[in-house]
Amino acid sequence: MIQVAVFSSDVRLEEALRAGGLKVGRMDVDSLNGHARATSPPAALVVDVRGQHHLPTGLAAFRKQHPATGIILVASTLEPHLMLEAMRAGVTECLQDPVTPQSLDQAVRRLLVDAMPEQIGQVVAFVGAKGGVGTTTLAVNTAATLGRTVSGDVLLIDLHMGHGDAALFLGVEPRFSVVDALENVHRMDDAFFRSVVEKTKAGIDLLGSSDRLSQSAADPQRVRALLDFAIRKYRFVMLDVPRSDVAVLDSLETASSIVVVTTQELPSLRSAGRLAHAMRTRYGAAHVKAVVNRFDKRADIAHADVERVVGVSVKHVIPSDYRMAIEALNVGRPVALEKGPLADSLRAFAGDLGGVVKQARPQPAGMLGRLAFRRA
Ligand SMILES: Nc1ncnc2c1ncn2[C@@H]1O[C@H](COP(=O)(O)OP(=O)(O)O)[C@@H](O)[C@H]1O
Ligand SMILES: [Mg+2]
């Protein structure tokens, strides 16, 4: 099934969307006017009017016939008379040239999310600059904190194919794992999904890591399919991402936030810089965040230095508390559910992330509100 149809003589638009993993088809004058063989309408239609002064005839009629299809206009300039035509034809969003693959992809995804009838949850991915910086700690505690507000609506997926330890932090020993889910992702249904996730005392569901290696686990398409399934079931999906797993790092299009976790140590900062750069290039700067764990304000490397090296503003720093962290791990209860500065800081971070996440999903507004004029 085609998700996005493109009405343009510029094949780069199609290619850009396809490269982002969307199912793209071309629309020609005949199909726009309803003369071609009827197929199910796309969720989004991109109409390229660069170099033209009017909308293609038939667009308004198409929109009337397919009210659920969102329309994105790509224009050279936002001339008033063209905008007026756009408004009358029911265009949802206008992009002004120069349009980057990224701005186009983002505009289309916004439409697709709005068009989804079901609940669509938010994915937050945690990636560590190095091992031991606290990635699992942050993923687990963010999940547990959000789980307190939206009980039963948070899933944590430990994407480490071997030796992941999110289960340990939550005091459970799951019988099934993320590998079972990935291997069966193409015949996934609610019953099967329920049988592979583990309920935890912290009030969140866990898809734990596996000790078993599997070929299918390294397939980005399967990871994407798993995330697509999960966001229809949960309000929040937290990912504990192995930083060296290329397939997983390449499958994070649905993530509203990718959180790079670092400490103030040089090797960790250097690799946080590289990682953040790669993630920004791949998914757009707006989606990449950084957090400093075990922050020490007396350290030589200060908050501003971290921001400079990582290239991302750092809104949250998490203090160090060795005793609390170890105790939490020993009893298998996330530290954010306890008291103290570390717990407070973890909760503030999670709350902020949850809040940001909510804003990233605007409610469909009226026509004029939706007609956003964005420059690439
Ligand atoms: N803010 C912190 N203060 C003290 N210890 C911490 C803190 N964050 C994590 N730890 C501890 O550091 C160790 C490594 O954390 P973990 O989350 O497993 O790192 P990663 O997933 O990046 O390898 C664990 O023992 C954890 O309890
Ligand atoms: Mg870990």
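All ligand and atom numbering here is 1-based and tracks the order in the structure. Just so you know, these numbers come straight off a predicted model, no measurement behind them.
For the pair Arg235 (side chain) and Val150 (backbone), a donor-acceptor distance under 3.5 Å is absent.
At a 3.5 angstrom cut-off on N or O pairs, Tyr322 does not count as close to ligand 1. Where the criterion is an N or O separation shorter than 3.5 Å, residue side chain and backbone included, Gly132 meets it with respect to ligand 1. Here's the thing with Pro319: one of its N/O atoms is less than 3.5 angstrom from an N/O atom of ligand 1.
We find that Arg175 and Glu198 are not joined by a salt bridge, their nearest charged nitrogen and carboxylate oxygen being 4.0 Å or further apart.
With atom 21 (O) of ligand 1 as the reference point, the heavy atom nearest to it among Leu168, Thr136, Val317, Asp321 is part of Thr136. Heavy-atom proximity to atom 17 (O) of ligand 1, evaluated over Val127, Thr137, Val133, is greatest for Thr137. Among Lys130, Arg323, Arg294, Glu327, the residue whose heavy atom lies nearest to atom 11 (C) of ligand 1 is Arg294. Within the set Thr135, Asn293, Val140, the minimum heavy-atom distance to atom 8 (N) of ligand 1 is found for Asn293. Nearest to atom 5 (N) of ligand 1 by heavy-atom distance, out of Ser320, Ala325, Gly134, Pro341, is Ala325.
Among protein heavy atoms, the minimum distance from atom 24 (C) of ligand 1 is reached at Leu329 CD2, 4.3 Å.
A donor atom on one side chain and an acceptor atom on the other are found under 3.5 Å apart for Gln122 and Ser256.
Residue contacts with ligand 1, taken as heavy atom pairs separated by less than 4.0 Å, involve Leu342 solely via side-chain atoms from C-beta onward.
Here the shortest heavy-atom pairing between Leu156 and Ala139 reads CD1-CB, 4.0 Å.
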